[in-house]
Structure formats: structure tokens, C-alpha cells
Amino acid sequence: MKKIILLLFLSILGQQLFAQVRFIERFEVASEMRDPLFEMIDSESGLVSFRTIPEKGLNLRKVFQYFLVDSSLNSERGIIEFPVQEGFDMLGYDTDKNHLFVLFTKGYTSASDKYILQIDLATRQGLEFNADNVLDMELVEFLIQDQKAIFMGRADDRPVLQIHDLQTKSVHTLQGIYGNNTQVLQIRKKPETKSLEVVLSREGAYRDREILINKYDMEGNVIQEVKVDRFGEQGQEILDGLLVSTGNYQEAMLGAFGLERRNAYQGMYIMDINEFGEFDFKLYTLADFPNFYNYLNDKSKEKQVKSVEKELDRERIPAINSLYAIRDVRQTPDAYYVYFDQYTVNNSRSGYQNGAFSPTGGYRYDRWNRMGATTFSDPYLANRFPMSTSYQTIPEYRYISAHFAKVAKTGQVLWDNAVSYQEMVTTYPEAFGEVAVVGDDLYHMFVEDQIIKLSFFRNGEKVFENMEFELKLINEKERIRDTNLESLRLIHWYDRYFLLTGTQGIRYISESGSDQTREVYFITKIVVDGDLYKPEELPD
């Protein structure tokens, strides 16, 4: 009798666990398992997915395909196609005012011919523009603002940014970008002021590293420069950062800091910048994050906490021994929710160097709109943007832990916590997890192989960690035959909703009753709900 009760309880508990991650809607298009993957970006018309794929037959032509879905993953017209000029393939993309812009290249050298396809997502009409008067460069980023194309890349091993007017064909080069020992860390479009914001890392006259936050008009002129040439104590420097708007023409940059040129991390900073370009810093070390080692078991955590206390007693700043990179910032009117990853890089032959000192890495891509041309090791981008000379070998990233904190905009750390990645090894160099902040709840989700792992915090308290969920279909009569693991991509969409995309083989029963399979590219909408977690004790 006890066995029956136990089995019944475990069945109910399993249903409760499954209910916390629900696969609620799905859209599919026919696609073979190894076909090129769809890129995805939000727009005023809905979620737009697109790719280039070879035409059927013996020619070398490709066709551009795209489709739109609404918030329920419904599509009115399905796939829409445009011809691609012979020998060209997709390299970059962006949206602007309900138009999709796609950059095509003929080959992947810096001197390759390029053109831009503009698609009106409302009328489904397309226009083509030549981009033959832009400087030859190894392209890293492509953006569009106000009918102007923004090209960022490297020429003669120096960064360069140019603005190409699609209507007049004029080209403007941004001032103060092209130079030795300079790196572009981030670009932000500012449509409300018709300007661009560029975050630069540059070596000064005395080999000191300085951060510049420059605003440019759309003709490449500097309209404001914020030079961050003073930071913390002697030897301390900014190691990475994420610039965000905080309203009323004010901004903040959040990231990691530590000892110069050593990748020796000491903690987190928040730099508040007012409308006049004046700034001040708040610095946070392990003394401010008492739950930093919550990803360890009790014995290991106690050992690390004692080590931190010993360093503090000696009036030293405790070190963070691994790479400590900011991944995301979410805001409320009064607070920041910050997400960091802690990891190591295993392949020393890659010449890897982190953040502001890296000659090839460190550029912060927008997850919904990124080029990725310099990250050869990115499995999502390997099939999409093959132009890369940055790595001769592929580095491996050993993920240790994910760290979260809620920090009041007045400066106080309201809570902090952490979860373990269980020494997961991957070649993916960008933010591995996705976070959703809903009221007082924070969710952290990622995919490892074919398993979704979810952690849930409420008011900073860890409710559960790395709970596992299998990939599911909406139609209970169908089964997953196989999944292309390298195709899987998880993105936070809005509120408590995530999107999972990739290619799968699906088994189903046809109308005649025979066993059939189909291969598809899919988008699945996932909802998370921590309220459905109700831990119970097993019966005696």
C-alpha cells in the first residue's frame, strides 16, 4: 500500500514540477535538420524570423526567406521569399521603423562586395541599395537608424565606424574611433535624439586604460564625450561594462572591476552619468555580497567565506579568482537587477584575454540584433556568419556559477544570490543564461543538451536551483524523434515568457494511420511560474 501511495505522490509531484515550465504555443516551418538556421528579431509587426537558403537545383543562387508571427505565434502568410543576388549571402541585419534591413556580402573578405535589402514588413515590398563606398573592413556590427546604415569593424587592425546614407549614398566616418590600442565595447542607437552612443576602451599616453563614452550625430560628429580616466584606487580599472539608460537623459554603466591587466576581479561597479556627462562611482566587493558563494555546498562555502573574512580583517579586497562578466541589467524605477556569470577559459592557445583589454573580443552584442562575426566559436553563429579570423583554435568556456543581485539606485545591495552551473563546458562565449524579472521574482533559465534548467528566486531567496525539464511538444500525439542540439537557442521574450527555437525531427501518425516523420524549424513559447512549486515531504 505504501508503494502505491509513494508512486501516486511522485506522479503528482512530477506534474507539479512540469507545470512550472509549460510549453504553451508552437510554430513550425518545414526545414531539414542541417538547413541554415533562422535569425530572429522583434519588430512593430511582430516577431520576424529570416534566413538565406540555397535554391533547389544545380545553380549557386540563394533565396531569402522570412516569416512573421504574433505574440501567440500565429502567422498570417507563412514564409515570404526574395531572390538573392548570385554569389551573395546574409551577413548582418537590423530593424528600423517597421522595416527589416539585411546586409548581404559576396564572400567574406574585408573587400567583398555588399548590398542591403530593405523590406517593409507591413506591405512586404523590398528595395535594394548598394553599399560599395564603405571602407574595406572586417565587419563586426551592422545597424540601421533613420535610413542610415552603420558599419563597425576593423581596418588595418584598428576599429572604424562609418555611417552610410542609403538615400544620398554619402559616407561619414566617426571621429575619435580609428586608433591604435582602441576597442569598441558597445554601440547604442538613440532614435529619440537621432544620435549614436559608442563605448570605447583606449590605452592612454602612460599605458593607462581609459573608457570613453561618446555621443555622435548621424554625420559622425562628436556631440558629447565622457572620459573615464579616474577610477577607484591605484591599480584598479574597469574590466567590462554594460551601458543602460535610466531616464531623463541620464545613464548608468554597470560591470566588473579589478586590478589592471591581470584579469584579477575584485567586484562590481555602478557608474552614474548625468545629462552633462558628469559621473560618479559606487564600488561593491565580496564584502557587499554575503551570498556570493551560495552556489557551493555548505563545507566549501564555509571555507570560502572564512577566506573572505580573513582578507577583510587584513584590510584587503578579496579576489574573485575566475572571470566575472556582467550579462544583463534589468531596471525598476528604484533598483537594478544585475546578472553576472563566473567562468574560466580552458584553451590557453586561443590567446584569450577578457573584456576591455581583449584585442578581438569584448564587443557587447544585443541578443536580438548582433553580428557576431568575430566570435568564431559561437555555435549559433557558425552556420550564419562564417567570416572570422579572430581565433585560430576554439576556446572552451567552463561555466562555474551565475550571480544575481538587486541593488537600489541609491546604492544599497538589497539582496544577492547565486546558482551553480556544475562546471558545464561549452564553446559558447556570450551570456549563457536568460533571466526574467517579474515583480519580486527572478528566473534564470538555460539549455544544456536537451534539458532546460530553471532556477527561481523570490525576494532574493532561492526557491529552487537548476530544476530540469525535458523538451516537450504541444501536440501530445506527436513525439520528438531527434533534435539538432547545436541549433537550440533560448531567449527571454517578455514578462515570464521565453522562446526556444531550433530544428527537430517529429514523429506523428498520418490520417491513414501510418507512422510518419517530418523535419521542421520550430519556435516554442514557454511560460514559467514559480508559484506552482510546492515542495512536500515524502510520506512515511
Side-chain angles (χ1 to χ4, degrees), residues 23-57 59 61-85 88-90 93-104 117-128 368-369 380 383-384 471-484 487-491 493-494 497-511 516-526:
F23 297 74
I24 57 174
E25 284 153 353
R26 181 176 171 106
F27 179 80
E28 295 180 354
V29 295
S31 182
E32 296 182 9
M33 294 287 283
R34 297 296 172 181
D35 277 348
L37 302 174
F38 283 88
E39 292 299 325
M40 186 166 58
I41 192 169
D42 234 342
S43 72
E44 295 176 6
S45 294
L47 188 70
V48 55
S49 301
F50 47 93
R51 67 179 178 184
T52 57
I53 189 169
E55 284 186 351
K56 296 187 184 299
N59 62 63
R61 283 188 167 275
K62 295 189 175 184
V63 64
F64 178 79
Q65 298 179 332
Y66 82 93
F67 62 87
L68 281 163
V69 294
D70 61 20
S71 59
S72 299
L73 300 190
N74 296 314
S75 178
E76 289 186 3
R77 293 185 172 269
I79 287 183
I80 298 170
E81 294 186 346
F82 283 87
V84 176
Q85 294 181 23
F88 284 79
D89 201 358
M90 182 174 69
Y93 56 86
D94 196 13
T95 55
D96 187 51
K97 297 178 181 176
N98 209 33
H99 289 77
L100 173 66
F101 293 83
V102 184
L103 175 65
F104 291 91
L117 172 65
Q118 176 183 351
I119 300 173
D120 187 321
L121 296 174
T123 65
R124 299 178 296 281
Q125 299 298 310
L127 291 172
E128 292 182 356
W368 285 84
N369 175 26
Y380 295 137
N383 296 331
R384 299 170 175 147
L471 305 186
K472 299 290 183 181
L473 299 175
I474 306 300
N475 188 339
E476 296 181 356
K477 296 180 181 180
E478 298 180 341
R479 296 291 179 266
I480 299 173
R481 184 194 67 188
D482 50 4
T483 300
N484 179 357
S487 73
L488 292 179
R489 184 181 186 186
L490 180 74
I491 290 176
W493 197 6
Y494 64 95
Y497 296 98
F498 294 77
L499 295 174
L500 180 69
T501 68
T503 52
Q504 289 179 327
I506 306 298
R507 293 180 57 189
Y508 66 99
I509 304 299
S510 68
E511 294 182 359
Q516 300 288 324
T517 63
R518 67 177 185 271
E519 293 186 350
V520 300
Y521 174 85
F522 70 91
I523 304 176
T524 296
K525 186 177 179 181
I526 299 172

I want to check something: taking the side chain as every heavy atom from C-beta on, are Arg518 and Glu478 in contact at a cut-off of under 4.5 Å?
yes

How long is the gap from CG on Leu100 to CD on Glu39, to the nearest 0.5 Å?
11.0 Å

Indicate the atoms forming the closest heavy-atom contact of Glu128 with Pro83, along with that distance.
OE2-O, 4.3 Å

Identify the two heavy atoms, one from Ser75 and one from Gly78, that lie closest to each other, and give their separation to 0.1 Å.
OG-N, 3.1 Å

Would you say the side chain of Tyr66 lies within less than 4.5 Å of the side chain of Arg124, judging by non-hydrogen atoms?
yes

In this structure, which one of Ile119, Asp120, Leu121 forms a side chain to side chain contact (heavy atoms under 4.5 Å, CB included) with Thr123?
Asp120

Using the ring-ring contact (aromatic ring centres under 6.0 Å, His included) definition, which of the options Tyr93, Phe101, Tyr521, Phe82 pairs with Phe50?
Tyr93

Within the structure provided, determine whether Met40 and Leu499 are in side-chain contact (heavy-atom separation under 4.5 Å).
yes

Non-hydrogen side-chain atoms of Gln65 and Val29 separated by less than 4.5 Å
no

Return the CD to CG distance between Gln85 and Leu117, rounded to the nearest 0.5 Å.
9.5 Å

Do Leu68 and Glu76 have side chains that approach each other closer than 4.5 Å (heavy atoms only, starting at C-beta)?
no

Can you tell me how far the CZ atom of Arg481 sits from the OH atom of Tyr508, to the nearest 0.5 Å?
11.0 Å

Looking at every non-hydrogen atom in both residues, tell me the closest pair between Thr517 and Arg507 and how far apart they are.
CG2-CG, 3.9 Å

Measure from the side-chain N and O atoms of Lys525 to the backbone N and O of Ser71, and report whether any donor-acceptor pair falls under 3.5 Å.
yes

Using only atom types and a distance under 3.5 Å, with no angle test, would you say the side chain of Asn484 pairs donor to acceptor with the backbone of Thr503?
no

Is the side chain of Arg61 donor-acceptor paired with the backbone N or O of Val84 at a distance under 3.5 Å, no angle test?
yes

Classify the angle between the aromatic ring planes of Phe64 and Phe104 as parallel (below 30°), tilted (30 to 60°) or perpendicular (above 60°).
perpendicular

Rounded at 0.5 Å granularity, tell me how far CD in Glu81 sits from NZ in Lys62.
14.0 Å

Under a 4.5 Å cut-off applied to non-hydrogen side-chain atoms, are Ile24 and Tyr497 in contact?
yes

Could you walk me through whether Arg489 and Leu37 pass the side chain to side chain contact (heavy atoms under 4.5 Å, CB included) test, one step at a time?
CA-CA 10 Å; Arg489 184 181 186 186; Leu37 302 174; over 6 Å; no

Minimum-distance pair of heavy atoms, taken over all atoms of Thr95 and Asp42
OG1-O, 3.6 Å

Sequence neighbours excluded, the answer for ring-ring contact (aromatic ring centres under 6.0 Å, His included) partners of Phe498 is His492

Is there side-chain contact between Asp94 and Ile41, with at least one heavy-atom pair below 4.5 Å?
yes

Could you give the distance from CD (Glu32) to CZ (Arg34), rounded to the nearest 0.5 Å?
11.5 Å

Minimum heavy-atom separation for Ile474 to Glu25, with atom names?
CD1-N, 3.6 Å

Could you check Asn475, Leu500, Leu473 and say which one makes a side chain to side chain contact (heavy atoms under 4.5 Å, CB included) with Arg26?
Leu473

Between Ser43 (side chain only) and Ser45 (backbone N and O only), is there a donor and an acceptor less than 3.5 Å apart?
yes

Can you find a pair of side-chain heavy atoms, one from Pro36 and one from Met90, that are under 4.5 Å apart?
no

Interatomic distance, NZ@Lys97 vs CD@Glu44, rounded to 0.5 Å, equals 10.0 Å

